[in-house]
Number of protein chains: 2
Amino acid sequence: MATTVTVPSASVPSTPLLKDELDIVIPTIRNLDFLEMWRPFFQPYHLIIVQDGDPAKTIKVPEGFDYELYNRNDINRILGPKASCISFKDSACRCFGYMVSKKKYVFTIDDDCFVAKDPSGKDINALEQHIKNLLSPSTPSFFNTLYDPYREGADFVRGYPFSLREGVKTAVSHGLWLNIPDYDAPTQMVKPRERNTRYVDAVMTVPTKTLFPMCGMNLAFDRELIGPAMYFGLMGDGQPIGRYDDMWAGWCMKVICDHLNLGVKTGLPYIWHSKASNPFVNLKKEYKGIFWQEDIIPFFQKATIPKECDTVQKCYLALAEQVRAELGKIDPYFVKLADAMVTWIEAWDELNPSTAVVENGKAK
Amino acid sequence: MATTVTVPSASVPSTPLLKDELDIVIPTIRNLDFLEMWRPFFQPYHLIIVQDGDPAKTIKVPEGFDYELYNRNDINRILGPKASCISFKDSACRCFGYMVSKKKYVFTIDDDCFVAKDPSGKDINALEQHIKNLLSPSTPSFFNTLYDPYREGADFVRGYPFSLREGVKTAVSHGLWLNIPDYDAPTQMVKPRERNTRYVDAVMTVPTKTLFPMCGMNLAFDRELIGPAMYFGLMGDGQPIGRYDDMWAGWCMKVICDHLNLGVKTGLPYIWHSKASNPFVNLKKEYKGIFWQEDIIPFFQKATIPKECDTVQKCYLALAEQVRAELGKIDPYFVKLADAMVTWIEAWDELNPSTAVVENGKAK
């Protein structure tokens, strides 16, 4: 773990938003040259780098960034037997970074994502937009046709109940991608040349009781509000499935946000996604997920969390038991996943004792 | 009722979409000079003009348009005692046009709405976009983060269940407004200078079980799929409320679309809304609605239509009885409204015998 002193440059805004309250989590297997392009926006922040794959490999981080780096050996050392809940050889390992962060907010980004430009040609400060999304309320109970009503130049339209205009706290900000869209392997194969060139200038709340495919490429959230639900599951090495890590987290997280009356936004900011992963490799990772999601999604659409669950941890453990009971019928993998969900919460509470649910004076 | 022969001009596209299957319904109290700007787009279509207010007044329609015009005397003559369900001195009267149309599709627009320009400066053919929206499926069961997956350059993203990618039939296309946004009186008063300048290049499905504020200014729908639910209620002259006509239709329609598994889209196309109505006058019309909507919306959020209701008419009548029983407790107005909802369906079936629900050989 190396820490370097941050040297402010002229292009760094003088007072970066939430500078001491946000960590940037990056899962990677390669040198982080992509950070050069992000320097004006990311340099003021602390990075948590989760190195996937061979721990013997050295990951180079460009000069001037303040970071900590964890490889598999670190994860095993810190979590002990509980390290079993952290995936290996899959970007799902990133959620270890959420667990060790001590900040209120997390932004996570893939290392093949670059700075996109808005239609006027200006570089998009993705992090700044995520922070704006997280710091303004969400409106999950009723749809506003002019999109985010809290944005400059917008408001609630006629017919929007006044009692709902305060909104609810925003837990998650889901950003999008220009250039390579986040398609599954079959769609990649059918449309190898498709690029996303449409800049949709909108942020919106995903309505309550509506599920969506959450992509982990460009994502920010409030750790204090929803952190323990941001478990990216068991994927990759030794597992029958990959590339469903962020989807899994998204489904679980959304059901819990709906239960706790928290908001989830999607839309801006865009990043520039440079590299499509290999569709043949992806198909192999995904194909069980493609079948399973046909049952998983109805499961989450029907899932209800008991009223007495008033913390994310309690909600998550209740959901884990439903996963075991219901999805366990589909494949034994889901029993293993339910176990890992429980382990994840135990590990989270161990590393974050102050936010753990304390009952009878005992962390529970 | 006057009919003039349409003279095709050079600027009219050679094969306008759905030329013989769509009517344009316009409620008005003034000469329809606004049609001049719409000529290249509307001239191939048939117009149904519903004249509100004094029937003695002559409404001038620019040369070259094919139209029929109904004033209050026509409505009374055609509907007899059932004319009581059609509002007077309120744009709610437009729904009479939906009833007398014999086409599969309806587009309705206010006479203070003009052709907007897209960000490239090109005139927006709003009608063409509505038709595209109506002719492509909707996806109410699961949210697609790249918006309308059927649009060119877009698709379903990773994690979207394949079983849901066929979508469902689209019943309604709700368009938006540049310049004057559709705000209620209090918001108009607080932000008199706010203009909508943000062109959001997106069409999206309003998710199932999510209500939204449907504005009647720039709206298209499939009469065969949802027509009888498009009742704009009792508003204006002699009623305690105004400016909730489209909202009422939107809530009823959405609950029925969710029951019948039909889709509702919102977003593109934009029109240019030129004239804000007077906020003081609006406040007088709206203030009861502002209170009532706090109860009406939870009512519609909870409303369920009995399984056996398999036509729009049956759904609508079931909803009318729930309005009577539940909302009737708030104010006697809702009992009157429930009666009018029943009358509306009777009148609809009378004018549209082929689409009426036939049971035991008897229109019912």
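Naming convention: chains lettered A, B, ... in sequence-line order (proteins, then strands); numbering from 1 in each chain.
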Check whether any side-chain N or O of [X] sits under 3.5 Å from a backbone N or O of [Y] as a donor-acceptor pair, and report yes or no.
X        : Y        : value
B/Lys191 : A/Ala154 : yes
B/Arg158 : A/Arg243 : yes
A/Gln301 : B/Ser141 : yes

So which of [options] has the largest heavy-atom pair count under 4.5 angstrom toward chain A?
options                                : answer
B/Asn282, B/Asn144, B/Asn196, B/Leu146 : B/Leu146
B/Leu176, B/Asp182, B/Thr208, B/Ile296 : B/Asp182
B/Gln188, B/Arg151, B/Glu286           : B/Arg151

Taking side chain as everything from C-beta outward and backbone as N, CA, C, O, which of these in [X] sits under 4.5 Å from a heavy atom of chain B? Side chain, backbone, both or neither.
X        : result
A/Arg195 : backbone
A/Pro140 : neither
A/Phe156 : backbone

Review point. Take atom OH in A/Tyr333; do more than 12 heavy atoms of anything else shown fall under 6.0 Å from it?
Key: yes
Point to revise | More than 12 heavy atoms from other groups under 6.0 Å of CZ on A/Phe291 | key: no
Partner chain B: residue of [options] with the largest heavy-atom pair count (under 4.5 Å):
options                                : answer
A/Asp246, A/Ile290, A/Thr266, A/Val206 : A/Asp246
A/Trp177, A/Tyr244, A/Trp251           : A/Trp177
A/Ser163, A/Pro181, A/Gly267           : A/Ser163
A/Thr210, A/Thr197, A/Leu211           : A/Leu211
A/Ala202, A/Pro161, A/Ala185, A/Gly289 : A/Pro161

Check your understanding: B/Tyr183 and A/Gly153: which non-hydrogen atoms are nearest, and at how many Å?
Key -> OH-O, 4.0 Å
Point to revise | Closest heavy-atom pair and its distance - A/Pro207, B/Pro207 | key: CG-CG, 3.7 Å
Can you say whether [X] sits under 4.5 Å from chain A via the side chain, the backbone, both, or neither, judging by heavy atoms?
X        : result
B/Thr187 : side chain
B/Pro119 : neither
B/Ile297 : side chain
B/Arg193 : neither
B/Thr145 : both

Review point. Do the charged groups of B/Asp258 and A/Lys209 touch, with an N to O distance under 4.0 Å?
Key: no
Check your understanding: Between B/Asp155 and A/Arg198, is the closest basic N to carboxylate O distance under 4.0 Å?
Key -> no
Check your understanding: Which pairs, with at least one residue in residues 262-285 of chain B and sequence neighbours excluded, count as a salt bridge (charged side-chain N to carboxylate O under 4.0 Å, His left out)?
Key -> B/Asp148-B/Lys265
Exercise for review: Could you walk me through whether A/Tyr199 and B/Asp201 pass side chain to side chain contact (heavy atoms under 4.5 Å, CB included), step by step?
Suggested key: CA-CA 7 Å; A/Tyr199 181 94; B/Asp201 187 12; over 6 Å; no
Exercise for review: Would you check if A/Asp184 and B/Phe162 make a side-chain contact, meaning some heavy-atom pair closer than 4.5 Å?
Suggested key: yes
Point to revise | Residue pair B/Met204, A/Phe143: steps toward the side chain to side chain contact (heavy atoms under 4.5 Å, CB included) verdict | key: CA-CA 12 Å; B/Met204 76 189 59; A/Phe143 190 94; 3.7 Å; yes
